[in-house]
Structure formats: C-alpha cells, structure tokens
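To start, the structure under review is shown below, and the notes come after it.
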Amino acid sequence: MESVTQTIQGVPLNHYILFSAIIFAIGVMGVLIRRNAIVIFMSVELMLNAVNLLFTAFSAHKGDASGQVFVFFVMALAAAEVAVGLAIIVMIYRNTNSTDINVLNRLKW
Amino acid sequence: MLAQASKGKTIEMNLFYLVAFLSVFFSLLVIFSKNPVYSVLYLIVTFFTFTVHYILLNAQFLAIVNFIVYMGAIMVLFLFVLMLLNLNKDTEPMKSGLLKIAGVIAGLCLLVTLIGSVKAINLSQPLVLKNPGIGLVKSLGKVLFKEFLLPFEVSSILLFSAMVGAVLLAKKEPKKI
C-alpha cells in the first residue's frame, strides 16, 4: 500500500500532459482516417480516456477529489453514448447493409 | 536504505514510461489495423494499460470502475455489435491514401499545437501525491454523496434515457401496409 502511493512520485506533470495529448491526437487521427463507424466510435473512446487520465493526474497532484468524481461522470456519459451510438449504427446497418459513413453523405443536404 | 528507496523510485518511474509506451503503441494499432475485430481487441489492451495508470496514481476506485465499465461493459457492447453485423476485413471500407495522409498530418498538427502550448506554460514540477488516500472508495464516496449528490442523481436519469433510447432505436420498425 505504501509502495503504491510512492510509485508515481517523481514523474513530471507535463509528461502526463504530453502522454494524454498523444493519445488524444491518436483518437483524432482515427476519426479522420477511418470510414467504419464502429472504429470511429472506438477512437472517440480513446479521446475520452485520454481526458480521464489527465483529470485523474491533476486531481492527484492538486489533492482535490472533485477531478476523480468528474471522471466517474465522464465514464457514465461514455457508457450512455456507446449504447445509443451503437443502436444507431445497428439501425443504419439494417437500412444500408454497411457501416460505411460515406453511405450517409446524403445527410448533408 | 535511501539508495534502495531511490532505486525503487526510478524503477517505478520507468514503469510509468513503459506503460505509457504500451498505451501509445496499442492505440496506434487500434486505428491502423485493417480488421475491426482486431481493433476492438487492441482497444481492450489499451484500456487495460489505462487501468494500470490509474493504479499508479493510486486512484483505486477509478481503476476498478475503468476495469468493469470499459473493459467489461463497453467492450462487450462493441464486440457484440461487431459480431452481430458480421464485419470483417473484406467488407472494411478504407479511405484513399491521400485522405489518410491528410488525416495523419492534421492529427500531428493538433499534437504539435498541444505540445507547444504545454511548453509555453512550462509546468515541470514532479507529480506529488499530496493526499494519497484521495482515490480510495471511502473518501471518493464521501465527496460523491455530499458535494456531487445532484449530478449523481441526474446521471441516473441520463443512463435511463440512454437505455430507453437504445431500445427504441434498435427495435425493428413494424412493417407498414
């Protein structure tokens, strides 16, 4: 227990920020380069996770529990988002027989 | 004794960098693997590395919740939908090479902007756990049910409406005529 609390001491805070920024950028890249709607959803999950980790790091650094409570709310939101989003994807698949987002470009007009 | 402690500290610091490297590696595999089933499996590994990060930050409640909600519930949803739709490598739509390169460059531009702004504010003090017991279930529960009671109750409405919405959307429309 004591060793666990000693573990992270000494990692600079900006390394956490850089790490989260890298994961967030990977998520953005995933949204931009893929056409499968499910993989795009996974990339959104990656972005949410990057933000969650940064929240936790700052909360641990400042000694304020509000950040970790907020992460909990973000997780609840992610669960709701995935449920509704996947239901929409299933409905799209039933109508168009694919999960390609280019099929949906008629929504532009 | 002190040398041993500092040696332990460097090992643990290196543990952070190792796990961070693994997260970046597997999240890259998520977005670059051709087969969506492999994407989901790599995403599970990525979430596991995030759980390790939470444990390193001594946020035990979040580690458990991350493990159960992300690696359990959300991953089961993804895999279930993926197998329901019978997607595989052959049906996977891919963007053309030029668009892919443009997307990667756009993401790298975002990354450079973020890193530049982090460099500008110049935060480099080491992360110190001032209050190590902060992420335990006991203290987090107290905060959650005192200061954040109303948002907690509202989030139950959010989950309920999401459930109703998902059922309504996924239900087969009755045939007209």
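Here is the naming used below: chain letters follow the sequence lines, and residue numbers restart at 1 for every chain. Heavy atoms only: backbone and side chains are in, while hydrogens, waters and symmetry mates are out. Since the structure is predicted, the reported quantities are computational estimates derived from the model, not experimental observations.
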Could you tell me which non-hydrogen atom of Ala87(A) sits nearest to which non-hydrogen atom of Leu169(B), and how far apart they are?
CB-CB, 3.9 Å
So which heavy atom on Ser33(B) is nearest to which on Arg34(A), and how close?
O-NH1, 3.0 Å
Given Leu85(B), which partner from the list Leu86(A), Asn97(A), Ile38(A) fulfils the side-chain contact (heavy atoms from CB on, under 4.5 Å) test?
Ile38(A)
Partners meeting side chain to side chain contact (heavy atoms under 4.5 Å, CB included) with Thr96(A) (sequence neighbours left out):
Ile92(A), Ser98(A), Val103(A)
Contact class of Phe72(A) relative to chain B, heavy atoms under 4.5 angstrom:
both
Is there a path of hydrophobic side-chain contacts, each under 4.5 Å between heavy atoms, that joins Leu79(B) and Leu84(B)?
no
Where on Ser43(A) is there a heavy atom nearer than 4.5 Å to chain B: the side chain, the backbone, both, or neither?
side chain
Whatever's closer than 4.5 Å to a heavy atom in chain B on Ile23(A) counts as side chain
Interface moiety of Val84(A) toward chain B, non-hydrogen atoms closer than 4.5 Å
both
Side chain, backbone, both or neither of Tyr70(B) within contact of chain A (heavy atoms, under 4.5 Å):
side chain
Quick check on the 6.0 Å ring-centre criterion: do Phe16(B) and His15(A) meet it?
no
Give the ring-plane orientation class for His53(B) versus Tyr16(A), where under 30° counts as parallel, over 60° as perpendicular and anything between as tilted.
perpendicular
So with a 6.0 Å cut-off around CG of Leu149(B), is the heavy-atom count from everything else above 12?
yes
Within the structure provided, determine whether Gln68(A) and Phe61(B) are in side-chain contact (heavy-atom separation under 4.5 Å).
no
Is any residue of residues 103-112 of chain B within less than 4.5 Å of chain A by heavy atoms, and which ones?
Gly103(B), Val104(B), Ala106(B), Gly107(B), Leu108(B), Leu110(B), Leu111(B)
Closest contact, heavy atoms only, Leu62(B) versus Met75(A):
O-CE, 4.2 Å
Heavy-atom contact with chain A under 4.5 Å, split by part of Thr46(B):
side chain
Nearest 0.5 Å please: distance from the CD1 atom of Ile89(A) over to the CG atom of Leu82(B).
9.5 Å
Should Phe73(A) and Ile134(B) be regarded as members of a common hydrophobic cluster, given that ILVMFWY residues are connected when their side-chain heavy atoms come within less than 4.5 Å of each other, either directly or indirectly?
no
Would you mind checking which part of Phe80(B) comes under 4.5 Å of any heavy atom in chain A, side chain (CB onward), backbone (N, CA, C, O), both or neither?
neither
Less than 4.5 Å apart, any side-chain heavy atom of Phe50(B) and any of Asn52(A)?
no
Consider only side-chain heavy atoms of I, L, V, M, F, W and Y, link residues closer than 4.5 Å, and tell whether Leu77(A) and Phe148(B) are in one cluster.
no
Interface moiety of Ala20(B) toward chain A, non-hydrogen atoms closer than 4.5 Å:
both
Pick from Asp100(A), Leu53(A), Ile22(A), Val71(A): which one has the most heavy-atom pairs with chain B under 4.5 Å?
Leu53(A)
Across all chains, not counting sequence neighbours, the side chain to side chain donor-acceptor pair (under 3.5 Å) partners of Ser155(B) are none
Considering only heavy atoms and a distance below 4.5 Å, find which of Asn66(B), Ile101(B), Leu168(B) pairs most often with chain A.
Asn66(B)
Is any side-chain heavy atom of Val81(B) less than 4.5 Å from a side-chain heavy atom of Tyr93(A)?
no
Quick one: which of Gly85(A), Gly63(A), Ala60(A) has the most heavy-atom pairs under 4.5 Å with chain B, could you say?
Ala60(A)
Shortest non-hydrogen pair, Lys171(B) vs Arg94(A), comes out as O-NH1, 3.7 Å
Could you check which of Phe32(B), Phe78(B), Phe152(B) has the highest count of heavy-atom pairs closer than 4.5 Å to chain A?
Phe78(B)
Using non-hydrogen atoms and a 4.5 Å limit, figure out which bit of Val167(B) sits close to chain A: side chain, backbone, both or neither.
neither
Closest heavy-atom pair and its distance - Pro36(B), Asn36(A)
CG-ND2, 3.8 Å
Check whether Met163(B) and Ile68(B) end up in the same hydrophobic cluster, where Ile, Leu, Val, Met, Phe, Trp and Tyr are linked by side-chain heavy atoms less than 4.5 Å apart.
no
So CG of Leu46(A) and CZ of Phe47(B): to nearest 0.5 Å the spacing works out to 6.0 Å
So which residue, Val65(B), Leu159(B), Leu140(B), ends up with the most heavy-atom pairs under 4.5 Å with chain A?
Leu140(B)
Would you name the heavy atoms of Ala21(A) and Leu114(B) that are closest together and state the gap between them?
CB-CD1, 3.8 Å
How would you list all residue pairs meeting ring pair (Phe, Tyr, Trp, His ring centres under 6.0 Å) that involve residues 35-56 of chain A, not counting sequence neighbours?
Phe55(A)-Phe70(A)
For the pair Ile121(B) and Asn14(A), evaluate side-chain contact (heavy atoms from CB on, under 4.5 Å) and give the outcome as yes or no after the intermediate values.
CA-CA 10 Å; Ile121(B) 55 174; Asn14(A) 58 356; over 6 Å; no
Min side-chain heavy-atom separation Leu32(A)-Leu99(B) under 4.5 Å
no
A side-chain contact here means heavy atoms from C-beta on lying under 4.5 Å apart; do Val11(A) and Tyr17(B) qualify?
yes
So which residue, Gly165(B), Ala102(B), Ser27(B), ends up with the most heavy-atom pairs under 4.5 Å with chain A?
Ser27(B)
Heavy-atom distance under 4.5 Å to chain A: side chain of Leu28(B), backbone, both or neither?
both
Part of Asp64(A) within contact of chain B (heavy atom distance under 4.5 Å)
backbone
